[in-house]
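Note that this is a predicted model, so its numbers are computed, not measured. Reminder, nothing fancy here: chain letters follow the sequence lines and each chain counts from 1.
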There are 2 protein chains.
Amino acid sequence: MVRRTSFDGDSCPIARSLEALGDWWSLLIIREALFGVRRFGEFQSKLGMAKNILAARLRSLVEHGILATAPASDGSAYQEYVLTPKGRGTFPVLVALRQWSEEFDDHPDEIATILVDRAKGRPVKKLELRAEDGRLLSPADTTLKPRPAPRRRAAG
Amino acid sequence: MVRRTSFDGDSCPIARSLEALGDWWSLLIIREALFGVRRFGEFQSKLGMAKNILAARLRSLVEHGILATAPASDGSAYQEYVLTPKGRGTFPVLVALRQWSEEFDDHPDEIATILVDRAKGRPVKKLELRAEDGRLLSPADTTLKPRPAPRRRAAG
DNA sequence: TTGTGTGGTTGCATCATAAAACCATTTGTC
DNA sequence: GACAAATGGTTTTATGATGCAACCACACAA
């Protein structure tokens, strides 16, 4: 089987998330959806991607429960693609990617936009990982534990 | 040119980050590196991936400044791949992906591990996006503004 | 009813990925 | 130092994914 490796059965949650989000277009489609894009043609023109692979990605995202199809809100017979709660739940992933570019990109001057708090118009804070008691955690301050209850596999 | 679309010149920081991280293996390699993996063979056996594409990915990650090669720490003549600060900076991305799976995966019982605070052994808090003044922000509470100073392009 | 825009699917060429075989260098063993 | 084995790759070949263009069905407007 030469098939492009699937992480579907993997026990690592990062691998599992990449199964749904880990290709070149899915996160960008979700980004547009978070901005309110809903129609096929709108995705296609904003992202400048081929229609066949857009169709394939939308189908995949619907299958993964990230998007759902709905009758068009404007009364036409066409359908729309709207984010599910699972889809909106990717927001921190997108923010983390954005902030990583803002901090480490070699040409930050080429970045066009900044994410701001709508109410105040001020840049948002950096995402921080904290312990239950509020302490700031670096990678070295964390570790993995096997999940309490049922079966598990390799690790990760 | 049929080339697999590059987002290198894109002005959206999410697209730019995907240029370096957006394939199937890079984030998993970084995940292993954060756990202390440094040697080619160790990556290969832990990830179970083909050696040729591991070599290609490592090369790409080094080119992007995410990994750096260094002489082996054990005195042997082999080299090691170690994370740069830019590489360690992807930690929030990995945490966000992990937490997304933990919250939305269809089979959460198949997830083997939980991320805990090393000091207390307790699960970490969810990543939260906050405004400068500490208010919790949902996607709808945010918006994009053009970057203050120099030139910009499409938007994103 | 004719025309146009929307939302796709189908073919075809090209690229990336995967598995296995192969190879050079380093290391351990005698 | 000679030899075998481990390490760290590259090359070869097969197949799947991607990208472009052409095509097509349906909705909608005149």
Side-chain angles (χ1 to χ4, degrees), chain A residues 1-10 15 18-29 32-33 36-64 67-82, chain B residues 1-10 15 18-29 32-33 36-64 67-82:
Chain A
M1 187 169 60
V2 185
R3 168 162 172 47
R4 180 176 184 169
T5 315
S6 164
F7 304 123
D8 231 347
D10 199 300
L18 292 177
E19 181 68 25
L21 307 173
D23 72 281
W24 288 79
W25 290 112
S26 294
L27 282 168
L28 295 177
I29 292 171
E32 296 300 328
V37 171
R38 291 160 164 251
R39 296 283 280 259
F40 185 97
E42 217 178 345
F43 284 110
Q44 205 260 319
S45 64
K46 294 227 177 192
L47 290 170
M49 65 193 292
K51 301 204 293 180
N52 55 346
I53 83 157
L54 174 58
R57 287 289 160 276
L58 289 173
R59 205 177 309 132
S60 162
L61 289 169
V62 168
E63 280 167 11
H64 280 96
L67 293 175
T69 54
S73 50
D74 61 0
S76 82
Y78 297 121
Q79 68 174 354
E80 294 183 343
Y81 297 91
V82 296
Chain B
M1 187 170 58
V2 184
R3 170 163 169 47
R4 180 175 185 171
T5 316
S6 165
F7 304 123
D8 231 348
D10 199 300
L18 291 177
E19 182 69 23
L21 307 173
D23 72 282
W24 287 80
W25 289 111
S26 293
L27 282 168
L28 295 177
I29 292 171
E32 296 301 328
V37 171
R38 291 160 165 252
R39 296 283 281 258
F40 186 96
E42 216 178 346
F43 284 110
Q44 205 260 320
S45 63
K46 294 227 178 192
L47 290 170
M49 64 192 294
K51 302 203 295 181
N52 54 347
I53 84 158
L54 174 58
R57 286 290 160 275
L58 288 173
R59 206 178 308 131
S60 163
L61 289 168
V62 168
E63 279 168 11
H64 280 96
L67 292 175
T69 54
S73 50
D74 61 0
S76 83
Y78 296 121
Q79 68 176 353
E80 294 183 343
Y81 297 90
V82 296

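What separates CZ of A:R39 from C1' of C:dG7 is a distance of 9 Å, to the nearest Å. In this entry the distance linking CG of B:L28 with P of C:dT17 reads 14 Å, nearest Å. With rounding to whole Å, B:N52 atom CG is found 9 Å from D:dT10 atom C1'. The nearest whole Å value for the distance from the OH atom in A:Y78 to the C1' atom in C:dT6 is 4 Å. Distance, B:I29 CD1 to D:dG8 C1': 15 Å, rounded to whole Å. Here the P atom of nucleotide D:dA21 and the CD1 atom of A:I53 are 14 Å apart, to the nearest Å. Residue B:E42 contributes atom CD, which lies 13 Å from atom P of D:dG9 at whole-angstrom precision. Protein atom CG of B:D74 is 9 Å distant from nucleotide atom P of C:dT27, rounded to whole Å.
Taking 4.0 angstrom as the limit, B:R59 places a side-chain polar atom (N or O) nearer than this to OP1 or OP2 of D:dT10. Within the 4.0 Å cut-off from OP1 or OP2 of C:dA18, at least one side-chain nitrogen or oxygen of B:W25 is found. Between B:Q79 and D:dG9, a side-chain N or O to OP1/OP2 separation shorter than 4.0 Å is present. For C:dT27, one of the phosphate oxygens OP1 or OP2 lies less than 4.0 angstrom from a side-chain nitrogen or oxygen of B:S76.
Listed for the A:Q79 side chain is no donor-acceptor partner under 3.5 Å among the backbone atoms of A:A72. Proximity of a side-chain donor or acceptor of B:Q44 to a complementary backbone N or O of B:M49 within less than 3.5 Å is detected.
Closest of all the heavy-atom pairs between A:F43 and A:A33 is CE2-N, 3.9 Å. The shortest heavy-atom contact between B:A20 and B:S26 is O-OG, 3.9 Å.
Counting non-hydrogen atoms under 4.0 angstrom, A:Q44 reaches nothing in the nucleic acid. Here B:Y81 lies in heavy-atom contact (under 4.0 Å) with sugar-phosphate atoms only.
With a 4.5 Å cut-off on side-chain heavy atoms, B:L54 and B:I29 count as touching.
In the set D:dT10, D:dA22, C:dA16, D:dT10 carries the atom at the smallest distance from any side-chain atom of B:K51. Ranking D:dC28, D:dG8, C:dA18 by closeness to the A:A77 side chain, first place goes to D:dC28.
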